[in-house]
There are 2 protein chains.
Amino acid sequence: MQRVFEALSSQIRRKILAYLAHTDLTAGEIAARFEISKPAVSQHLTVLENAGLVTSEKRGQFVHYSLVADHLANTLSAYAQEVCPVSKPLKAESAALAKTRGS
Amino acid sequence: MQRVFEALSSQIRRKILAYLAHTDLTAGEIAARFEISKPAVSQHLTVLENAGLVTSEKRGQFVHYSLVADHLANTLSAYAQEVCPVSKPLKAESAALAKTRGS
DNA sequence: GTATGATTTAAGTCATTACCTAAATACATC
DNA sequence: GATGTATTTAGGTAATGACTTAAATCATAC
């Protein structure tokens, strides 16, 4: 929990997660989307991985990163529960979601 | 958004919000629940207030703090949407909530 | 095995954050 | 108005985080 919220406190890291929400990417592809150095991006990816928000898999000389959406959603949800026991907006959003997806 | 996640990156601040979820508290009552100095707690409260997560009202010599649950829930929900467009756990949690509360 | 490209590790700097103590401010009471 | 309590501001230090460049690692291709 601490590591997750710490990871989410950086705009860059939140953006990385948003990119990974659409598709898996290699470290290089992620780095190309930001203006900071590759080592800096690598550090951010390490933070995200230590928080359990992404996983990495080495294929050949590339390292592919992917989002662990469940962990993110579970953590946010758990804390929202703790602090907003009767979380109206969350509920409303989810109701809309359920409507769209039929479950 | 940045300020909210920055505020949430501190365990102490998350705990303060959890306390305020149950009831409003004065600055002193909050400080009494932690082992750090009162000025340190005051700084944390400032961070939370700047993030829009709490509001304060001065009554006599006391300052009462209360949670702005909507802002917290909305922000978490918005980012969850951005990163987990089909957020199963969030939905499941909310479905349970809806059941309990009938709406 | 040498050279090339992808990624991470290492080492160091700069800025920010968290914390403390001491002092200031504001309110209530006598 | 002097005293006591609640809270914040000020000033300073230590720890943490983000970033950089340079070097190391590892896989690929020649």
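Keep in mind the model is a prediction, meaning the values are calculated, not measured. In what follows, every chain begins at residue 1, and chains take the letters A, B, ... in the order their sequences are listed.
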Apply side-chain hydrogen bond (donor to acceptor under 3.5 Å, both in side chains) to [X] and list each qualifying residue two or more places apart in sequence or on a separate chain.
X	result
B/Thr46	none
A/Ser37	none
A/Ser66	A/Thr55

Listed once per pair and sorted, the salt bridge (charged side-chain N to carboxylate O under 4.0 Å, His left out) pairs that draw on residues 55-65 of chain A, sequence neighbours left out: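 Applying salt bridge (charged side-chain N to carboxylate O under 4.0 Å, His left out) to every pair that reaches into residues 55-65 of chain A, excluding sequence neighbours, yields A/Glu57-A/Arg59.
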Pairs where residues 7-16 of chain A contributes a residue and the test salt bridge (charged side-chain N to carboxylate O under 4.0 Å, His left out) is met, not counting sequence neighbours: none
Can you list everything that forms a ring pair (Phe, Tyr, Trp, His ring centres under 6.0 Å) with [X]? Sequence neighbours excluded, please.
X	result
B/Tyr65	none
B/Phe5	B/Tyr79
B/Phe62	none

Close residues, residues 39-48 of chain A, relative to DNA chain C [heavy-atom separation under 4.0 Å]: A/Pro39, A/Ser42
Any pair counted as ring-ring contact (aromatic ring centres under 6.0 Å, His included), so long as it reaches residues 35-57 of chain B, sequence neighbours left out: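 Of all non-adjacent pairs touching residues 35-57 of chain B, none passes ring-ring contact (aromatic ring centres under 6.0 Å, His included).
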Touch class at under 4.0 angstrom, heavy-atom based, for B/Tyr65 against every strand present: sugar-phosphate
Given DNA chain D, 5'-ward residue of the pair A/Glu35 and B/Phe62, judged by closest heavy atom: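 Result of the comparison: B/Phe62.
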Protein-to-nucleotide contact annotation, 5' to 3' order, nucleotides 25-30 of chain D [B base; S sugar-phosphate only; - none; under 4.0 Å, heavy atom]: -SBS--
Take the protein atom [atom1] of [X] and the nucleotide atom [atom2] of [N], then report the distance between them rounded to whole Å.
X	N	atom1	atom2	result
B/Lys38	D/dA10	NZ	C1'	18 Å
B/Gln11	D/dT16	CD	P	15 Å
B/Phe34	D/dT7	CZ	P	15 Å

Which atom of A/Val4 lies closest to which atom of A/Ala51, heavy atoms considered: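 Taking A/Val4 first and A/Ala51 second, the nearest heavy atoms are CG2-O, 3.6 Å.
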Hydrophobic cluster membership, A/Ile12 vs A/Val47, 4.5 Å side-chain cutoff: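 A/Ile12 does not cluster with A/Val47.
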Outermost nucleotides of DNA chain C that come under 4.0 Å of a non-hydrogen atom of chain B: C/dT17 to C/dA28
Nucleotide nearest A/Glu6 (side chain, heavy atoms from C-beta), chosen from D/dT8, D/dG17, D/dT7: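 So the nucleotide nearest the side chain must be D/dG17.
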